[in-house]
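Before any comments, here is the structure.
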Amino acid sequence: MSRTSKQQRLTRLAVATVLSGACVISTTGCQVALNGQTLPSPYYLQDDVQYFPAGPEFKLPREAAALKAARAEEKLNQR
């Protein structure tokens, strides 16, 4: 084999590998994020739905109460 035919063969093999890898990746059903969007897998209609009930709107009530009490105590100590 000559050197150019080996290079052509390696180039063809590399192109075939990249193309087959792209085909495999594009046919898998996975969730993907593109431009800030989360796009579903092709099988989203068969997925089971998970329900998470709404929690409290303000997540830190104890911390807010503790801060409010600390501020009130600080005001009393300054006077």
Side-chain angles (χ1 to χ4, degrees):
M1 274 189 170
S2 68
R3 186 175 184 153
T4 57
S5 67
K6 281 186 181 180
Q7 275 185 325
Q8 287 176 345
R9 203 168 141 209
L10 285 174
T11 303
R12 286 182 185 161
L13 180 63
V15 169
T17 303
V18 169
L19 288 177
S20 61
C23 288
V24 167
I25 289 172
S26 68
T27 59
T28 58
C30 59
Q31 193 172 11
V32 65
L34 290 172
N35 298 328
Q37 294 178 335
T38 303
L39 302 175
S41 74
Y43 308 106
Y44 73 96
L45 292 176
Q46 288 86 19
D47 286 346
D48 59 334
V49 177
Q50 295 180 351
Y51 174 71
F52 298 101
E57 192 169 318
F58 185 63
K59 305 272 186 206
L60 306 170
R62 290 183 296 187
E63 286 80 354
L67 283 173
K68 187 176 180 181
R71 285 189 191 119
E73 185 178 333
E74 186 178 306
K75 281 185 181 180
L76 287 175
N77 290 338
Q78 285 180 355
R79 291 183 185 176

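As a basis for the values below, the full set of heavy atoms in this structure was taken, side chains included, without hydrogen atoms, waters or symmetry mates.
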Could you list the donor-acceptor pairs under 3.5 angstrom formed between side-chain atoms of residues 11-25 and any protein atom two or more places apart in sequence or on another chain?
from	atom 1	to	atom 2	distance (Å)
T11	OG1	Q7	O	2.7
T17	OG1	L13	O	2.7
S20	OG	A16	O	3.0
S20	OG	T17	O	3.0

Neighbour count >12 (heavy atoms, 6.0 Å) for atom CD, E73: no

Set of residues satisfying side-chain contact (heavy atoms from CB on, under 4.5 Å) with respect to L76, sequence neighbours excluded: none

